[in-house]
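Side chains are part of it too, since the values below use all heavy atoms of this structure and drop only hydrogens, waters and symmetry mates. Treat the numbers as computed from the prediction; the structure is a model and nothing was measured.
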Amino acid sequence: MKHIATRLGMSQASSGMVSGVFLPFFGAWLSWRGMSAGQIGLLLSSALLLRAFAGPMSGIVADAHNDRRRVMLTLYWIMLAGFAAMGAMPVKAAIFFTGVIAYVSYGAATPLLESVCARLSERHGFDYGRVRIWASTAFVAMNLVGGVCTQYLGFWPVAPLLAFGAAMCVGSTILLPSPTAPTQGDLLPRLKATAGEARELLGAPVFLVFLAAASFEQSSHGFYYAYGGLHWISIGYKPLLVSLIWPLGVFTEIALFSQALRVLRLFGPARLLLLGGLVCVVRWTILAFDPPLPVVIFAQFLHGGTFALAHLGAVFFILRAVPPRLAATAQSLYFVCSQGLMMGFSTQLSGHFYAAMGGRAYLLMSAMGAISMVLSFVLIKRWHGARILAGAADEHIDTI
């Protein structure tokens, strides 16, 4: 059990290494390579749109074959090839193409890893959160490494760092245990059956309420992720100060993940979503009025509530409510809706509100948190812990 948890922790850390470089520095690296703001936006938005298709399809293929590890490994190899080639490409069109491929592959692999961690934690009795913390820890570490590299060497190390993180994802996935019983035979009929069940899942009112609640909650971070640092600088914060207060919330995120099972036992999945929405309302309302720095720091520490509480609620809801045969599909749908479609909508809307209202645009994020609370309350009333789409095939052998 401990050996499996350690290997999963390595996989989570490898994934966090990629995002720890990608989120703060990828846009700046593209600009350094000569891409305009419009071209950078087109690359990122194109990748998000493609992820909305590639994510669920990867989940369906993984569930149909009953082998998440193989699909993850394929996606990570593609990501590695994309990031490695991207750094060597001499023309912007080639950088665009390889960058999109790498970003889409990473986005499709992430929910599969979450699904594997959640399922194996249930099967072997270890705490999912204590595995997930390694992604957050590596994220912060690579923020620092990337910051030092770009400060003293310029932006050229960004692409090699992304390729290194991708190589670590490949290596750590290879070390995961091989499936004991992947489904054999013709894949096409199973793909059709799994796709049909995915449509049935999307037609289940309880699952739709869950998706909406989780998506409104997580996408309420849209303004913060896109414009939070820019706004702080615009009101007089120094870039160094922004770089110091930005990761503070990750420490409370790590603390909550380390106590995931205790938190789950205390509240349950749906109430975790409700609490996450409540903390969003508090945090974004505070930041909307540009309070003194100590209050801003307090609001930053609430990130553990706005992100981690709701994420744990979503992961454990899927673990308990969705049949094992659709685990990766459900996780992919959650990621696409919350981190893709709704996050894109939230970010786009935030740009218009920021231009008109400045930091008061955080109030839009507060409203999204409030909507999530209402939907979470509906989920509490409608879902009582039963499986969605329960049937005779629910408890078939579930490999990673």
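- Scored by the side-chain contact (heavy atoms from CB on, under 4.5 Å) test, Ser14 finds Met168, Cys169, Ser172 as partners (sequence neighbours excluded).
- For Phe155 and Phe25, the distance between ring centers is not under 6.0 angstrom.
- Applying the side-chain contact (heavy atoms from CB on, under 4.5 Å) rule to Pro292 yields the partners Pro294, Val295; only residues at least two apart in sequence or on another chain are considered.
- A donor-acceptor pair is defined here as one N or O able to donate and one able to accept, closer than 3.5 Å; no such pair exists between the side chain of Arg51 and the backbone of Val104.
- Other residues, nucleotides and ligands contribute at most 12 non-hydrogen atoms within 6.0 Å of the CZ atom of Phe164.
- Looking at every heavy atom in both residues, Ser338 comes nearest to Gln218 through CB-CB, 3.9 Å.
- Closest of all the heavy-atom pairs between Tyr106 and Ser19 is OH-CB, 3.5 Å.
- For residues 359-385, every residue pair satisfying the side chain to side chain donor-acceptor pair (under 3.5 Å) rule, not counting sequence neighbours, is listed here: Thr285-Ser366.
- Taking every heavy atom of both residues into account, Ala109 and Met72 meet most closely at O-CG, 4.3 Å.
- Annotation: side chain of Met365 is not in contact with side chain of Cys280 (no heavy-atom distance under 4.5 Å).
- Under the 3.5 Å distance criterion, the side-chain polar atoms of Arg69 are matched with a main-chain donor or acceptor of Leu176.
- Between the Thr252 side chain and the Phe301 main chain, a donor and an acceptor come within less than 3.5 Å of each other.
- No donor-acceptor pair under 3.5 Å is formed between the side chain of Ser115 and the backbone N or O of Pro111.
- Among Arg325, Arg119, Arg68, the one residue that satisfies the salt bridge (Lys or Arg N to Asp or Glu O under 4.0 Å) test with Asp63 is Arg68.
- Residues meeting the side-chain contact (heavy atoms from CB on, under 4.5 Å) test with Ala198, sequence neighbours left out: Ile60, Thr329.
- Side-chain contact between His231 and Asp290: present, with at least one pair of heavy atoms (C-beta onward) separated by less than 4.5 Å.
- In plain terms, the two heavy atoms of Gly154 and Pro157 that are nearest each other are O-CD, 3.1 Å.
- For Phe298, the CZ atom sits in a loose shell: 12 or fewer heavy atoms of surrounding residues, nucleotides or ligands are nearer than 6.0 Å.
- Residues satisfying the side-chain contact (heavy atoms from CB on, under 4.5 Å) criterion with Ala330, sequence neighbours excluded, are Leu201, Phe207, Ile318, Val322.
- Within the 4.5 Å cutoff, the side chain of Val158 has no heavy atoms near those of the Phe22 side chain.
- A distance of 6.0 Å separates CG of Leu287 from CH2 of Trp232, quoted to the nearest 0.5 Å.
- Listed for the Ser15 side chain is no donor-acceptor partner under 3.5 Å among the backbone atoms of Gln12.
- The side-chain heavy atoms of Ser136 and Phe257, taken from C-beta on, include a pair separated by under 4.5 Å.
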| task | Could you please spell out the steps behind the side-chain contact (heavy atoms from CB on, under 4.5 Å) verdict for Met368 and Met342? | result | CA-CA 11 Å; Met368 294 180 73; Met342 276 296 293; 3.9 Å; yes
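- In plain terms, the two heavy atoms of Ser332 and Gly59 that are nearest each other are OG-CA, 3.8 Å.
- Using a 4.5 Å heavy-atom cutoff, the side chains of Val18 and Leu161 are not in contact.
- A donor-acceptor pair is defined here as one N or O able to donate and one able to accept, closer than 3.5 Å; such a pair exists between the side chain of Arg387 and the backbone of Arg320.
- Membership of the apolar cluster around Leu175 extends to Met10, as traced through chained side-chain contacts below 4.5 Å between ILVMFWY residues.
- Checking Phe317, Phe216, Phe316 one by one against Phe210, the ring-ring contact (aromatic ring centres under 6.0 Å, His included) holds for a single residue, Phe317.
- Residues meeting the side chain to side chain donor-acceptor pair (under 3.5 Å) test with Trp284, sequence neighbours left out: Ser220.
- Inter-residue side-chain proximity for Tyr103 and Phe26 is flagged as unmet; no heavy-atom pair is nearer than 4.5 Å.
- Nearest heavy-atom pair, Val263 versus Leu256, reported as atom, atom and distance to 0.1 Å: CG2-CD2, 4.2 Å.
- Among residues two or more places apart in sequence or in another chain, the side chain to side chain donor-acceptor pair (under 3.5 Å) test is passed with Thr173 by none.
- Residues satisfying the side chain to side chain donor-acceptor pair (under 3.5 Å) criterion with Gln259, sequence neighbours excluded, are Arg262.
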With a cut-off of 3.5 Å and sequence neighbours excluded, list every side-chain donor-acceptor pair involving residues 305-315.
{"residue": "Thr306", "atom": "OG1", "partner": "His221", "partner atom": "NE2", "Å": "3.0"}
{"residue": "Thr306", "atom": "OG1", "partner": "Arg283", "partner atom": "NH1", "Å": "3.0"}
{"residue": "Thr306", "atom": "OG1", "partner": "His303", "partner atom": "O", "Å": "3.3"}
{"residue": "His311", "atom": "ND1", "partner": "Tyr334", "partner atom": "OH", "Å": "3.2"}
{"residue": "His311", "atom": "NE2", "partner": "Glu114", "partner atom": "OE1", "Å": "2.8"}
{"residue": "His311", "atom": "NE2", "partner": "Tyr128", "partner atom": "OH", "Å": "3.1"}

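- With a 4.5 Å cut-off on side-chain heavy atoms, Leu112 and Leu75 count as touching.
- Sequence neighbours left out, not one pair with a member in residues 73-83 passes side chain to side chain donor-acceptor pair (under 3.5 Å).
- You'll find the side chain of Leu375 stays beyond 4.5 Å of the side chain of Leu379, heavy atoms only.
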| message | As a quick check of understanding, evaluate side-chain contact (heavy atoms from CB on, under 4.5 Å) for Arg132 and Cys117, giving each step before the final call. | response | CA-CA 8 Å; Arg132 178 59 176 76; Cys117 288; over 6 Å; no
Give the table of side-chain donor-acceptor pairs shorter than 3.5 Å for residues 85-102, with sequence neighbours excluded, one pair per line with atom names and distance.
{"residue": "Lys92", "atom": "NZ", "partner": "Gly34", "partner atom": "O", "Å": "3.4"}
{"residue": "Thr98", "atom": "OG1", "partner": "Ala94", "partner atom": "O", "Å": "2.8"}
{"residue": "Thr98", "atom": "OG1", "partner": "Ile95", "partner atom": "O", "Å": "3.2"}

